J.: 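One structure is given below, represented as structure tokens, and several questions about it will come after.
All values derive from a computational prediction rather than experimental measurement.
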Amino acid sequence: MRFLFGTGPKWARLTVAPIQFAVCLGTVIGSTLLGGQSLKFIYLIYHPNGAMKLYEFIIIFGIVMLFLAQMPSFHSLRHLNLLSLILCLLYSLCVVGGSIHAGHSKLNAEKDYSFTGSSVSQVFGAFNSVAIIATTYGNGIIPEIQATLSPPVSGKMFKGLCICYTVVISTFFSVAVSGYWAFGNRAAGNIFNNFAPTGEPSLVPNWLLFTGNICVLLQLFAVALVYSQPTFEVLEGKSGDTNHGKFSVRNLIPRLLLRSVYVSVATVIAAMLPFFGDINGVIGAFGFMPLDFVFPFLFYNLTFKPSKRSLIFWINTLIVVIFSILGVLGCIAAIRQISVDANSYKLFANV
């Protein structure tokens with residue numbers, strides 16, 4: 001956390017802080033994109049032949065974020081985390097129930113669990129998936145950051161991460177397993193696209209589609225706000241004047257402008273490149289993988305200097321080497337996938 005706010009060693013600020021800021025921005029972009037997709041999905045439930053495009057819904061999400069972003073900074077995430085937990089559990093329940101219902105439906109196409117694509121595509125897809133998984137499970141960085149704000153660090157961090165990964169594993173695994181069981185290799189990045197395929201009858205009731213997407217939408221607002229806070233704090237710390245009140249005209253105008261520009265930039269990027277899975281891969285490869293699986297073990301060896309004959313030193317070194325290689329390969333795969341999709345879709349595509 002000290003690195004993020006620029007109070008750590010210079011070398012750490014130059015290596016860790018840029019990645020942390022990139023992760024925060026990437027997460028806001030991904031949340032804005034997925035929020036626009038959820039809004040579009042809800043729209044199509046009741047207006048199947050509607051003419052509105054995806055980028056319009058992304059802009060709507062961004063406009064709402066512009067207002068929410070002006071809220072005071074969070075000093076406690078307890079209530080927001082509780083809301084996110086409830087929404088996550090409800091979403092998972094909707095998806096698992098919908099997958100079971102769709103999997104037994106006579107309207108569902110025959111399931112195929114075989115691999116698709118060329119060998120090269122499969123290899124790059126595997127590395128891209130590793131990066132996406134790093135993003136998914138790397139979200140534990142939030143309780144980790146919270147835990148560093150006040151002592152005792154180790155106890156709070158351990159308990160927070162245990163709860164975090166218990167929820168993540170139970171919800172994400174249930175969604176992934178049930179979705180793959182129901183649709184095989186046709187399972188989409190957004191499982192709701194399988195529940196209501198374009199031009200075909202819906203496999204689940206409309207109320208389930210609506211409820212699930214509302215849960216996603218509300219949680220995405222929360223996620224985008226949480227990941228925006230570190231950047232807001234730094235920007236306002238640089239532009240603010242401590243001799244004036246926090247909400248004085250002197251500090252309020254830069255606050256409004258900087259927060260609005262930040263949200264606007266994320267919204268425009270999300271609308272231009274509407275490839276949620278690809279963005280997840282980039283965030284994981286460039287951000288979560290080094291932050292969660294490389295830097296902690298590297299910094300442990302540099303800080304505590306365990307003996308090079310000790311087991312802990314070589315375990316940490318092995319983890320750093322393996323995940324550094326995976327990170328590089330994941331970056332290559334993620335960039336390749338974006339270039340492939342960019343050739344298939346134009347900017348501001350309606351996907």
J.: Rounded to the nearest 0.5 Å, how far does OH of Tyr55 lie from CG of Leu33?
T.: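 Between atom CG of Leu33 and atom OH of Tyr55 there are 15.5 Å.
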J.: Measuring only between side-chain heavy atoms, which start at C-beta, is Asn301 closer than 4.5 Å to Pro306?
T.: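 In contact.
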J.: Does Lys111 qualify as a cation-pi partner of Trp181, given the criterion of NZ or CZ under 6.0 Å from the six-membered ring centre and within 45 degrees of its axis?
T.: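 The answer is yes; both the distance and angle limits are met.
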J.: Is the backbone of Phe313 close enough, under 3.5 Å, to the side chain of Thr317 for a donor and an acceptor to pair up by distance?
T.: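 It does hold such a pair.
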J.: Hey, is the main chain of Ala188 close enough, under 3.5 Å, to the side chain of Asn193 for a donor-acceptor pair?
T.: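 Not confirmed, Asn193 side chain does not pair with Ala188 backbone.
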J.: Can you find a pair of side-chain heavy atoms, one from Arg259 and one from Leu68, that are under 4.5 Å apart?
T.: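 The answer is no; the side chains never approach within 4.5 Å.
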J.: Is it the case that the side chain of Glu200 and the backbone of Ala196 share a donor-acceptor pair, with hydrogens and angles ignored and the cut-off at 3.5 Å?
T.: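 No.
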J.: So, does Asn108 use its side chain to make a donor-acceptor pair with the main chain of Leu203 at under 3.5 Å?
T.: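 Such a contact is absent between Asn108 side chain and Leu203 backbone.
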J.: Between OG of Ser38 and CD1 of Ile58, what distance do you get to the nearest 0.5 Å?
T.: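 One finds 10.5 Å between OG of Ser38 and CD1 of Ile58.
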J.: Shared ILVMFWY cluster between Ile100 and Val177, side chains joined below 4.5 angstrom?
T.: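 Different clusters.
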J.: Should Leu87 and Val64 be regarded as members of a common hydrophobic cluster, given that ILVMFWY residues are connected when their side-chain heavy atoms come within less than 4.5 Å of each other, either directly or indirectly?
T.: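 Yes.
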J.: Do Cys88 and Gln219 make a side-chain contact, defined as non-hydrogen atoms from C-beta onward lying under 4.5 Å apart?
T.: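 SC-SC contact between Cys88 and Gln219 confirmed.
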J.: So with a 6.0 Å cut-off around CZ of Phe67, is the heavy-atom count from everything else above 12?
T.: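 No, not enclosed.
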J.: Would you confirm whether Thr303, through its side chain, and Tyr300, through its main-chain N or O, come within 3.5 Å as a donor-acceptor pair?
T.: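 No, the answer is negative, given that no donor and acceptor are paired below the 3.5 Å cut-off.
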J.: With no hydrogens and no angle check, is any side-chain donor or acceptor of Lys238 less than 3.5 Å from a backbone partner on Leu235?
T.: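 No; judged by distance alone, with no hydrogens or angles, the pair does not exist.
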J.: Checking Ser118 against Ser121 for the side-chain hydrogen bond (donor to acceptor under 3.5 Å, both in side chains) test, could you report, in this order, the C-alpha distance in whole Å, the side-chain angles of both residues, the deciding distance, and whether it holds?
T.: CA-CA 5 Å; Ser118 64; Ser121 297; 3.1 Å; yes
J.: Please collect all ring pair (Phe, Tyr, Trp, His ring centres under 6.0 Å) contacts where either partner lies in residues 199-221, sequence neighbours excluded, each pair once.
T.: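 Residue pairs with at least one partner in residues 199-221: Phe61-Phe221.
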J.: For Arg255 and Gln70, indicate whether the former's side chain and the latter's backbone hold a donor-acceptor pair under 3.5 Å.
T.: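 Such a contact is found between Arg255 side chain and Gln70 backbone.
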J.: Please name the pair of heavy atoms, one in Ser239 and one in Pro254, separated by the smallest distance, quoted to 0.1 Å.
T.: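 Closest pair (atom of Ser239, atom of Pro254, distance): OG-CB, 3.9 Å.
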J.: Shortest non-hydrogen contact from Val28 to Ala266?
T.: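 Scanning both residues, the minimum pair turns out to be CG1-CB, 3.7 Å.
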J.: Decide yes or no for Arg186 and Asp112: does some side-chain heavy atom of the first lie under 4.5 Å from some side-chain heavy atom of the second?
T.: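 Result no, sub-4.5 Å side-chain heavy-atom pair not found.
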J.: Between Val320 and Val294, which heavy-atom pair has the shortest distance, and what is it?
T.: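 Result for this residue pair: CG2-O, 3.6 Å.
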J.: Quick one, Ile312 with Phe304, criterion side-chain contact (heavy atoms from CB on, under 4.5 Å). Give me CA distance, side-chain angles, the key distance, then yes/no.
T.: CA-CA 11 Å; Ile312 189 67; Phe304 296 102; over 6 Å; no
J.: If you look at every heavy atom in Phe21 and Thr231, which pair is closest and at what distance?
T.: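 Nearest pair, atom of Phe21 first, then Thr231: CD2-OG1, 3.7 Å.
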J.: Mind checking the CZ-OG spacing from Phe173 to Ser178? Nearest 0.5 Å is all I need.
T.: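 Interatomic distance, Phe173 CZ to Ser178 OG, rounded to 0.5 Å: 12.5 Å.
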J.: How long is the gap from CG on Leu298 to CD1 on Ile319, to the nearest 0.5 Å?
T.: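 It is 12.0 Å, given to the nearest 0.5 Å.
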J.: Work out which heavy atom in Leu107 is nearest to a heavy atom in Ser202; give both atom names and the distance.
T.: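 So the minimum-distance heavy-atom pair works out to CD1-O, 4.4 Å.
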J.: With sequence neighbours excluded, tell me which residues meet ring pair (Phe, Tyr, Trp, His ring centres under 6.0 Å) with Phe124.
T.: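 For Phe124, no residue satisfies ring pair (Phe, Tyr, Trp, His ring centres under 6.0 Å) once neighbours in sequence are set aside.
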J.: Hey, does the side chain of Ser310 reach the backbone of Ser307 with a donor-acceptor pair shorter than 3.5 angstrom?
T.: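 Between the backbone of Ser307 and the side chain of Ser310 there is a qualifying donor-acceptor contact (under 3.5 Å).
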J.: I'd like to know if the side chain of Glu56 reaches the main chain of Lys53, judged simply by a donor and an acceptor atom lying under 3.5 Å from each other, with no hydrogens or angles considered.
T.: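 It does hold such a pair.
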J.: Would you say that Phe293 contacts Ser324 through its side chain, given a criterion of any heavy-atom pair below 4.5 Å between the two side chains?
T.: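 A side-chain contact is absent here, since even the closest heavy-atom pair is not under 4.5 Å.
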J.: Starting from the C-alpha separation in whole Å, work towards a yes-or-no answer on side-chain contact (heavy atoms from CB on, under 4.5 Å) for Ser31 and Tyr227.
T.: CA-CA 10 Å; Ser31 298; Tyr227 275 89; over 6 Å; no
J.: Give a yes or no on whether Phe299 and Phe323 share a hydrophobic cluster (residues Ile, Leu, Val, Met, Phe, Trp, Tyr; joining criterion: side-chain heavy atoms under 4.5 Å apart).
T.: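 Cluster IDs for Phe299 and Phe323 match.
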J.: Mind checking whether Met71 and Met65 sit in one hydrophobic cluster, side chains of I, L, V, M, F, W, Y counted as touching below 4.5 Å?
T.: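 Met71 clusters together with Met65.
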J.: For residues Tyr91 and Val175, determine if any side-chain heavy atom of one lies less than 4.5 Å from a side-chain heavy atom of the other.
T.: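 Tyr91 vs Val175: side chains touch.
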J.: To the nearest 0.5 Å, what is the distance between OH on Tyr180 and CG on Asn185?
T.: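 Here the interatomic distance stands at 6.0 Å.
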J.: Side-chain contact, heavy-atom cut-off 4.5 Å: Gln20 with Leu291?
T.: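 Side-chain contact under 4.5 Å: yes.
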J.: Under 3.5 Å, is there a donor-acceptor pair between the Ser264 and Thr267 side chains?
T.: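 Thr267 and Ser264 do not have a side-chain donor-acceptor pair below 3.5 Å.
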J.: Just how far is it from atom OG1 of Thr171 to atom CG of Leu90, taken to the nearest 0.5 Å?
T.: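 Answer rounded to 0.5 Å: 12.5 Å.
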J.: Please determine whether side-chain contact (heavy atoms from CB on, under 4.5 Å) holds for the pair Ile42 and Gln37, giving the CA-CA distance in whole Å, both sets of side-chain angles, and the decisive distance to 0.1 Å.
T.: CA-CA 9 Å; Ile42 294 172; Gln37 291 177 342; over 6 Å; no
J.: Given the rule that I, L, V, M, F, W and Y join up when any side-chain heavy atoms are under 4.5 Å apart, are Ile315 and Phe295 in one cluster?
T.: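 Yes, because Ile315 and Phe295 connect within a single hydrophobic cluster, where side-chain heavy atoms sit under 4.5 Å apart.
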J.: So, do Asn213 and Leu217 sit near enough that their side-chain heavy atoms are less than 4.5 Å apart?
T.: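 No, too far: nothing below the 4.5 Å cut-off.
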J.: When you measure from the side chain of Tyr113 to the backbone of Phe183, do you find a donor-acceptor pair of N or O atoms at a distance under 3.5 Å?
T.: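 No, the answer is negative, given that no donor and acceptor are paired below the 3.5 Å cut-off.
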